[in-house]
Protein chains: 2
Amino acid sequence: MTGDSCLDNTVHPEKICQARQEMPSDEILRDMTELFKVLADETRMRIISALTSCELCVCDLASLIESSQSAVSHQLRILRQARLVKYRREGRNAYYALDDEHIETIAHFARNHVQEAFHRE
Amino acid sequence: MTGDSCLDNTVHPEKICQARQEMPSDEILRDMTELFKVLADETRMRIISALTSCELCVCDLASLIESSQSAVSHQLRILRQARLVKYRREGRNAYYALDDEHIETIAHFARNHVQEAFHRE
DNA sequence: TCGACGTATGAACAGTTGTTCATACGTCGA
DNA sequence: TCGACGTATGAACAACTGTTCATACGTCGA
């Protein structure tokens with residue numbers, strides 16, 4: 001598990017000490033990672049991008065992002081569990097919408113980053 | 001691949017049309033997903049969090065996040081390829097630092113999100 | 001020049017994840 | 001009430017990913 005060199009006698013103890021204090025707790029770190037895991041799938045990113053403009057039903061989403069109804073439904077479940085989307089049923093349809101404005105912000109910054117890093121104009 | 005119902009005759013054609021126009025391009029969407037994939041690992045998130053406070057060498061990082069030197073080095077490679085960290089060599093040491101201020105911003109918002117969503121005060 | 005050190009990396013393995021397929025469930029129109 | 005529809009979900013399989021282990025490489029001190 002632990003590295004086999006630099007055991008106790010690390011190179012920059014003061015820096016490590018400082019960095020350790022400023023780091024988020026294990027729990028927060030785990031939750032942040034979980035959040036990014038949810039965002040780290042193209043199908044789910046497409047769903048989130050689609051829902052940025054308006055509420056949509058599963059059927060619309062599947063058609064829009066060119067994926068199967070089953071795949072979309074599975075991914076919506078994950079988004080729901082992560083509380084990134086909410087939904088309401090209306091007859092046979094289930095309408096999904098973003099549940100959190102943070103996600104739009106995060107997606108926005110991610111878009112900025114990739115545009116500047118890889119698609120610089 | 002494509003859903004087997006709601007084929008051409010989708011439920012809300014206008015909404016779909018609007019949503020489609022506002023969606024990022026396939027390329028941007030792919031790059032955004034790639035970015036989140038890189039962030040979607042606890043070891044890498046720990047590395048990024050650690051580097052937020054200051055530049056650190058591999059040895060420091062391994063000790064700080066309690067992971068093996070090999071694991072850290074492998075993950076740093078991925079972070080390097082994603083241009084999220086930069087490094088400089090000084091003698092036998094390799095010093096890593098964040099390469100992009102966007103990442104700190106994204107991590108910041110992610111932290112806010114999980115704190116509000118799961119650790120509400 | 002030789003050995004210890006810090007770092008990088010390939011191979012292999014285990015664990016995880018996303019899709020498809022089949023099917024089940026609730027709702028609505030006829 | 002029955003069939004079509006929109007949606008949800010379990011099982012199975014393939015693809016991907018992160019760690020460990022072994023080892024290689026360059027640098028520095030003796």
Side-chain angles (χ1 to χ4, degrees), chain A residues 1-12 15-16 30 33-34 36-48 55-82 85-96, chain B residues 1-12 15-16 30 33-34 36-48 55-82 85-96:
Chain A
M1 294 253 167
T2 316
D4 44 8
S5 57
C6 260
L7 273 174
D8 337 52
N9 202 356
T10 46
V11 182
H12 307 92
K15 279 179 161 188
I16 291 181
R30 240 188 306 277
T33 307
E34 282 311 303
F36 287 128
K37 275 194 171 124
V38 174
L39 300 175
D41 176 77
E42 198 172 329
T43 301
R44 290 194 291 269
M45 271 308 295
R46 286 184 185 280
I47 291 175
I48 289 172
E55 176 190 68
L56 290 167
C57 71
V58 179
C59 182
D60 291 336
L61 279 168
S63 160
L64 179 55
I65 72 177
E66 288 171 310
S67 187
S68 72
Q69 176 270 319
S70 180
V72 170
S73 199
H74 276 296
Q75 300 312 327
L76 282 169
R77 185 171 193 269
I78 293 172
L79 291 170
R80 241 187 296 136
Q81 289 173 335
V85 302
K86 58 188 171 189
Y87 79 115
R88 63 184 179 86
R89 298 206 68 118
E90 190 178 309
R92 319 180 239 216
N93 293 327
Y95 291 93
Y96 283 83
Chain B
M1 295 254 170
T2 316
D4 45 7
S5 56
C6 261
L7 274 174
D8 338 53
N9 201 357
T10 47
V11 180
H12 307 93
K15 280 178 161 189
I16 291 181
R30 241 188 306 277
T33 308
E34 283 310 305
F36 288 128
K37 277 194 172 123
V38 175
L39 300 175
D41 175 77
E42 198 172 328
T43 301
R44 290 193 292 269
M45 272 308 297
R46 286 183 185 280
I47 291 174
I48 289 171
E55 176 191 68
L56 290 167
C57 71
V58 179
C59 181
D60 291 335
L61 280 168
S63 158
L64 179 55
I65 72 178
E66 289 171 308
S67 187
S68 73
Q69 177 270 320
S70 180
V72 170
S73 200
H74 275 296
Q75 300 312 325
L76 281 169
R77 185 171 192 267
I78 293 173
L79 291 170
R80 241 186 296 137
Q81 288 173 336
V85 302
K86 59 190 169 188
Y87 78 115
R88 64 181 179 87
R89 298 205 68 117
E90 191 177 308
R92 320 179 237 215
N93 293 327
Y95 291 92
Y96 283 82

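Just so we're on the same page: letters track the sequence lines, and every chain starts at 1.
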**Message:** Distance criterion of 3.5 Å, no angle test: do you see the side chain of A/Ser70 paired donor-to-acceptor with the base of D/dT9?
**Reply:** yes
**Request:** Locate the shortest heavy-atom distance separating B/Ser67 from B/Thr43; write the atom from each residue and the value.
**Result:** OG-CG2, 4.5 Å
**Prompt:** Whole Å only: how far is the CG atom of A/Leu76 from the P atom of D/dT7?
**Reply:** 10 Å
**Item:** A/Ala71 side-chain proximity, nearest of D/dT7, C/dA8, C/dT20
**Value:** C/dT20
**Request:** Take A/Gly91 and A/Asp41, find for each the nucleotide of DNA chain C with the closest heavy atom, and name the residue whose nucleotide sits nearer the 5' end.
**Result:** A/Asp41
**Item:** Atom pair distance, as rounded to whole Å: CG in B/Asp60 and P in C/dC5
**Value:** 16 Å
**Request:** Could you tell me the separation between the CD1 atom of A/Ile78 and the P atom of C/dG18, rounded to a whole number of Å?
**Result:** 5 Å
**Request:** Check A/Ala40 against B/Thr33 and note the closest heavy-atom contact, atom names and distance.
**Result:** C-CG2, 3.7 Å
**Item:** Residue among A/Gln75, A/Lys37, A/His74 satisfying side chain to side chain contact (heavy atoms under 4.5 Å, CB included) with A/Arg44
**Value:** A/Gln75
**Request:** Please determine, for the side chain of B/Gln69, which listed nucleotide (D/dT7, C/dT19, C/dA8) has the closest atom?
**Result:** C/dA8
**For C/dA11, the Watson-Crick or wobble partner whose two distances fall under 3.5 Å** = D/dT20
**Request:** Would you check if the side chain of B/Lys15 reaches a backbone N or O of A/Glu55 as a donor-acceptor pair within less than 3.5 Å?
**Result:** yes
**Item:** B/His74 aromatic ring stacked with six-membered ring of D/dT19, 5.5 Å and 30°
**Value:** no
**Request:** Consider the side chain of A/Arg92, meaning its heavy atoms from C-beta on, and name the nucleotide among C/dG18, D/dA8, C/dT27 that approaches it most closely.
**Result:** C/dT27
**Request:** On DNA chain C, check which nucleotide each of B/Arg89 and A/Arg44 is closest to and give me the residue with the more 5' one.
**Result:** B/Arg89
**Item:** Salt-bridge contact A/Arg46-A/Glu42 (side-chain N to carboxylate O under 4.0 Å)
**Value:** yes
**Complete:** Taken to the nearest whole Å, CZ/B/Arg80 to C1'/C/dT7 is 10 Å
**Asked** Distance check: side-chain N/O of A/Tyr87 vs OP1/OP2 of D/dG6, anything under 4.0 Å?
**Response** no
**Message:** My understanding is that a pair needs two contacts under 3.5 Å, Watson-Crick or G-U wobble. By that rule, which nucleotide pairs with C/dT27?
**Reply:** D/dA4
**Fill in**
Looking only at C/dC28, D/dT7, C/dT19, the nucleotide nearest the A/Ala94 side chain is D/dT7
**Request:** Respond yes when some side-chain nitrogen or oxygen of A/Tyr96 is under 4.0 Å from OP1 or OP2 of D/dG6, and no when none is.
**Result:** no
**Asked** Expressed in angstrom and rounded to an integer, what is the separation of A/Arg77 atom CZ from D/dA11 atom P?
**Response** 12 Å
**Prompt:** Which one is paired to D/dA14, where only Watson-Crick or G-U wobble pairs with both distances under 3.5 angstrom count?
**Reply:** C/dT17
**Message:** Tell me the interatomic distance from A/Ile47, atom CD1, to D/dT7, atom P, rounded to whole angstroms.
**Reply:** 12 Å
**Message:** Any side-chain N or O of B/Gln75 below 4.0 angstrom from OP1/OP2 of D/dT19?
**Reply:** yes
**Item:** Presence of A/Ser68 side-chain N/O under 4.0 Å of C/dT19 phosphate oxygens OP1/OP2
**Value:** no
**Asked** Nearest-Å distance, CD (A/Glu34) to P (C/dT16)?
**Response** 11 Å
**Asked** Do you know the tightest heavy-atom contact between A/Ala82 and A/Val38?
**Response** CB-CG2, 3.9 Å
**Whole angstrom value for the distance that separates P of C/dC28 from CG of A/Asn93** = 10 Å
